[in-house]
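Quick note on labels: first sequence line is chain A, next is B, and so on, each numbered from 1. No hydrogens, no waters, no symmetry mates; every other heavy atom, side chains included, goes into these values.
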Amino acid sequence: MANGLERGSIPLSELPGGIDLQATLESGQSYCWWRADERTYGAGTDGDDGWYETVVDGDLLRARQTDGELRWEATTDAEPLLYELLRLDDDLEAIRASAAADDVVQDAYDNYWGLRIVADPFFPCLISFICSAQMHVSRIFEMQMALRREYGEEIEVGERTYYDFPTPDALAAATEEELRDLNLGYRAPYVQRTAEMVSEGELTESDVTETAYPAVREELTEFVGVGQKVSDCVCLFSLSCLEAVPLDTWMHTAIEEHFPKCERGNYTDTSDAFRERLGGEFAGYTQTYLFHHLRNED
DNA sequence: ATCCAGGATGTAT
DNA sequence: ATACATCATGGA
């Protein structure tokens, strides 16, 4: 990697419960990070092994897990940012202690121990989960990279070019046709209109964060392309509502197979019942372990 | 070919 | 409030 980057490392022993960086960043909860060796732009893959990258507010941040440390390098002193984005202060032991004792839950925690809920920046999280509707995880990543390439500000670091996530203004100025050309499909107008809402101040992050869950869940659905499920994802993966339990097709199957009594016929009541069944205030953590576990079995 | 993917929206009832 | 058709796209 080029010189000029600030670097640091955090002993895993300082993180309550440690961390599994791969499970954290490849479990389909965040589309703001990518594997450095899978970049589709720029040249070279030297020294990229095991590194994950993101760009936040004009700064490149790279992170890599080694035997005993979480290493990082960035265009700024990014340790506080890393703590925030990866929720490194969360006490995983305490969270697991609150979780349901069922085998399928405990198997999920065993298999992916160290997975942390992320705290993605609001706008990228909002847009990425609008794009997630009826879409495979791998393609959601591709869509976000395409948005960065086409509408994001370029960041030059050494020989490489990185892209920030587009600003609300930049995406609001895109046309539906342009976004369809990036293979967003029917989500194209949702993305444009939601970006416009944020850009024009009709509804912004600060409006939304004035209230707590579940009121914020209700407010988020005012955005175009945001229903109850996507709203719960933004609550959990950006707004630190660890009790939010997004119900996607995998969770509906899990409820059907393992927690049939939680099925209440509609989203809100089923989600509420499932939250209590999984352990309450940290149910979103357990949900994400479950999601990753179920999606990877076989 | 048919079905499915971290669903949401518009319309009719 | 609830039921249903419709919405792009690519992989299995």
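A close approach under 4.0 Å does not occur between any side-chain nitrogen or oxygen of A:R187 and OP1 or OP2 of C:dC7. An OP1 or OP2 oxygen of B:dA5 is reached within less than 4.0 angstrom by no side-chain nitrogen or oxygen of A:Q134. Look at A:N183 and you'll find a side-chain N or O under 4.0 angstrom from OP1 or OP2 of C:dG10.
Atom CG of A:D59 and atom CG of A:L81 lie 8.0 Å apart (nearest 0.5 Å).
Nucleic acid contact for A:Y31: base, since at least one base atom lies under 4.0 Å from a heavy atom of the residue. In this structure, A:Q228 reaches the sugar-phosphate backbone alone: every heavy-atom distance under 4.0 Å involves primed, P, OP1 or OP2 atoms, never a base. Looking at heavy-atom distances under 4.0 Å, A:G28 makes contact with a base.
Side-chain N/O atoms of A:H136 and base N/O atoms of B:dG6 include no donor-acceptor pair closer than 3.5 Å.
Remark: C:dT9 base-pairs with B:dA5. Criterion, Watson-Crick or G-U wobble with two distances under 3.5 Å.
A:F291 qualifies as a stacking partner of the B:dG6 base, centre to centre under 5.5 Å and near-parallel within 30°.
Annotation: A:E79, atom CD; neighbour count of heavy atoms from other residues, nucleotides and ligands within 6.0 Å is above 12. A 6.0 Å sphere centred on CD of A:E178 holds more than 12 heavy atoms belonging to other residues, nucleotides or ligands.
Each of A:V224 and A:P246 was assigned the nucleotide of DNA chain B with the nearest heavy atom; the assignment lying further toward the 5' end belongs to A:P246.
Between A:E219 and A:T211, the closest heavy-atom pair is OE1-OG1, 3.4 Å.
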